[in-house]
Novice: 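Okay, handing you the structure first.
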Amino acid sequence: MKSSSLFFSLLTLILLCHISSAQSQTYNTLWIPDTLSGTNFSLTIKDTLKQFRTGNQTITGGINNTNFWGPTLFFNKGDTVRMNVKNTLNDSTTLHWHGIHLPAVMDGGPHQVIPPGTTWQPFWKVTNNAATYWYHPHLHEKTEAQTTAGVGGFIIVRDSVESSLNLPRIYGVDDIPLVINDRRFSSTNQFILDGTHPDVMLVNGVLNPQYSIPAQVVRFRILNSATQRCYNLGFSDNRAFYVITSDGGLLDAPVPITRYMICSGERIEVLVNCTSQQSQVVNLMAYNSTLASDIAGTASKVTQDALSGKDFQILRLNITSPTAKPVTTIPTALTVNKFFDAANATITRTLSISDFNAGGGVLKAILNNQFFDIKRIDYQIPLNSTEIWEIRSTSTLAHPFHIHDVQFHILSRNGSVPPLPEQGWKDEVFVRAGETIRFITQFNSYSDPIHPFMYHCHFATHEDQGMMGQFVVTSTTGILDNNTPTLKFSLYPNPANDKVWIKFADASTEAYYVTVTNALGRAILMLPQPQLENGIDVANFASGVYFVRLMDKKTKAITMQKFIKQ
Ligand code: C2O
Ligand code: CU
C-alpha cells in the first residue's frame, strides 16, 4: 500500500471513530406532551410514522397531532368530563382510563370496542384524588401491539388538597411527566413484537433523552408503560428523592428513598431537590443489576440483551438556573388518608397466580387456574361491598396485578406491612414469586349487571395471553332483573337527513347508553344519554338502514328501533 493511500485509510478510520464516538454521546431533547384541559376532550387515534433513528421511519400510533403517545389530559376532581374518542386506525381499538373510577360501560376495557372510523363518547364525574393516571388501548390480544405502537397518554387529576400544597406545578418546567419503556427495533427500524426482549430505552418516545431542569425542587410524574420490565429507579449520585404519590393519590407524607422499583402500569410522583446545584448533571438511572431473579428486567429470566440485569441510564438531567418563584423545600406532610377498615370487610376473595405448563417447556402465568374468557364473569360483586382480596402466587415470576374500577390499600405483603411508598392508594400491586398479598377496597358508586370490569396482570404479553379475569358490580336496588319492562321509544324524523331525535313513551325514562349500528350490525356511534337532547348527528352517514340500540338507565334493558337515512 502506498503511503498516501495508507494515510487516507487512517484518516478515514480516525474520522469514522470520531463520528461514532460523537454519536454515542448525542442526546435528544426530551419531548413533553401537549396538554388538553377543560371538560370536553377530543382524541383521534391514528396510524402514523416517527423518525426515531437514521434509516426508515417507524410505524407508530399517535393521538391528534402526535406521532407517538398522546396529549396529557388535565381533569379537576368534581368535574364531569366528556370524551370524544375517534378511531382512525385500520383496526378496532379501545381506550381505557387506567386507575379512574367510573361506570363500567365508560371504562374502555375489552368490551367497549371502537371499530375503525367510529367515535366513542364516554363521560363521567371525576372522583379520583389528585395524582397521575393514564389511558391506553385495551383490546383483547391487541393491547401489547397497540400500546407498543405508542397509543396512550397521561391523565393528571387536580384537587383542592393537592392544590393547597407548596408543590412544583409548572408543567414541563418543574413538574415533568416521564413515561418510561423499552423497545427493540428491527433492521428496518420497526418495533419487534416477537417476544424477544427490548434493548433500548424510550422516555416520552425519545431515545437517549436529556432535559434541562431548574435548580430547585423538581417533581417527576413517572409512569412505567413497558410491556414487561420493572425499573429500579435511582439517581447517578445516589441522592435521596421523595415519593409523594402512589398510583391513586398523595401519600400521607413524602417518603425519602434512594431506590424505587416501578413495574409496568404503576405511577409514582417524586420530588428531587436540585436547589443550588446549577450547572451540575445528574442522571435518572435503572439499577437493574441488583434485582432479584423473579423480576422482569433481570438477566436470568429473559434472553440476554442490552438492558436486562444491567444498570443503565434513563434520562440525563442538566441543572440550570432556577425559575422566578422556585419551590425549594420538601413538605413534611401531604394529606391524611382514610383507608377502609379491615373490620368492615364483608367478603374475602382468594385469587391465585400460577404457572401453567403450555407444553414444549413454555410456562404461561394464569389467574385462578384458568385463561381469560370474555364470556365468563368471574365474580359478581355486590355494590358497596368492602372486600379483602388475597392474592396467592405460586408463579416463578413476579407479576403486576391490576384491577379496574377501584383504588385499594395494601394490608400486607407476606404477612408484613408493605414499604411506606406502597402505603397509599394503589390500583396495582407487584406480586413477587411465591408471595401472598392482601388488599382492601370497596366497589362503590357504579353497578351494572351487563358490563364487566377487568383485573389482570399488567405485563401486556401476559394479559394478551389470557392472564385476565372480569367482574360485574351488581345492585339489588334499582335493577329489575325479572319482568324487565320494555322501554318504549320512537325515532323522528324517519327517514332522516341530518339529525335523529329520540322520543320516549314515558318522559321520565332515561337512557344509559346509545349505540347506532348499521345494517351489518357494525357500531357506528356510541353515545351517552346527556347529549341526546341535541339529537343524534347522522349527517355524514351513508344512506341506508340503521338501528338505534338504547339501554335503559334503570333496568339496563336494551331496546332497538330502526331508522332510514336518506
Ligand atoms: Cu392499564 Cu386493564 O389496564
Ligand atoms: Cu404476569
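Note that the structure is a prediction, hence the values are computed from the model and not measured. When a ligand or atom number is given, it counts from 1 through the structure's own listing order.
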Novice: Between His96, His402, His98, which is the residue that forms a ring-ring contact (aromatic ring centres under 6.0 Å, His included) with Trp134?
Specialist: His98

Novice: Is the distance between the ring centroids of Phe75 and Trp97 less than 6.0 Å?
Specialist: no

Novice: Between Phe154 and Arg221, is there a cation-pi geometry (under 6.0 Å to ring centre, at most 45° from the normal)?
Specialist: no

Novice: Verify whether the ring centers belonging to His101 and Tyr446 lie closer than 6.0 Å.
Specialist: yes

Novice: Everything protein-side that's N, O or S and under 2.8 Å from atom 2 (Cu) of ligand 1: list it, residue and atom.
Specialist: His138 NE2, His404 NE2, His456 NE2

Novice: Under 2.8 Å from the Cu ion (ligand 2), which protein N/O/S atoms are there?
Specialist: His399 ND1, Cys457 SG, His462 ND1

Novice: Between Phe471 and Phe443 (judged by ring centroids, cut-off 6.0 Å), do the two rings come close enough to count as a pair?
Specialist: yes

Novice: Are the aromatic ring centres of Trp120 and Phe41 under 6.0 angstrom apart?
Specialist: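 Not close enough - the centres of the two rings lie 6.0 Å or further apart.
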
Novice: Could you name each residue pair satisfying side-chain hydrogen bond (donor to acceptor under 3.5 Å, both in side chains) that touches residues 63-73, not counting sequence neighbours?
Specialist: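 Qualifying pairs, neighbours excluded: Thr72-Tyr171.
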
Novice: Taking the ring of Phe371 and the ring of Phe356, is the distance between their centroids below 6.0 Å?
Specialist: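 Close enough - the centres of the two rings lie under 6.0 Å apart.
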
Novice: By side chain to side chain donor-acceptor pair (under 3.5 Å), which residues pair with Thr461, not counting sequence neighbours?
Specialist: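 For Thr461, the residues satisfying side chain to side chain donor-acceptor pair (under 3.5 Å) (neighbours in sequence not counted) are Gln228.
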
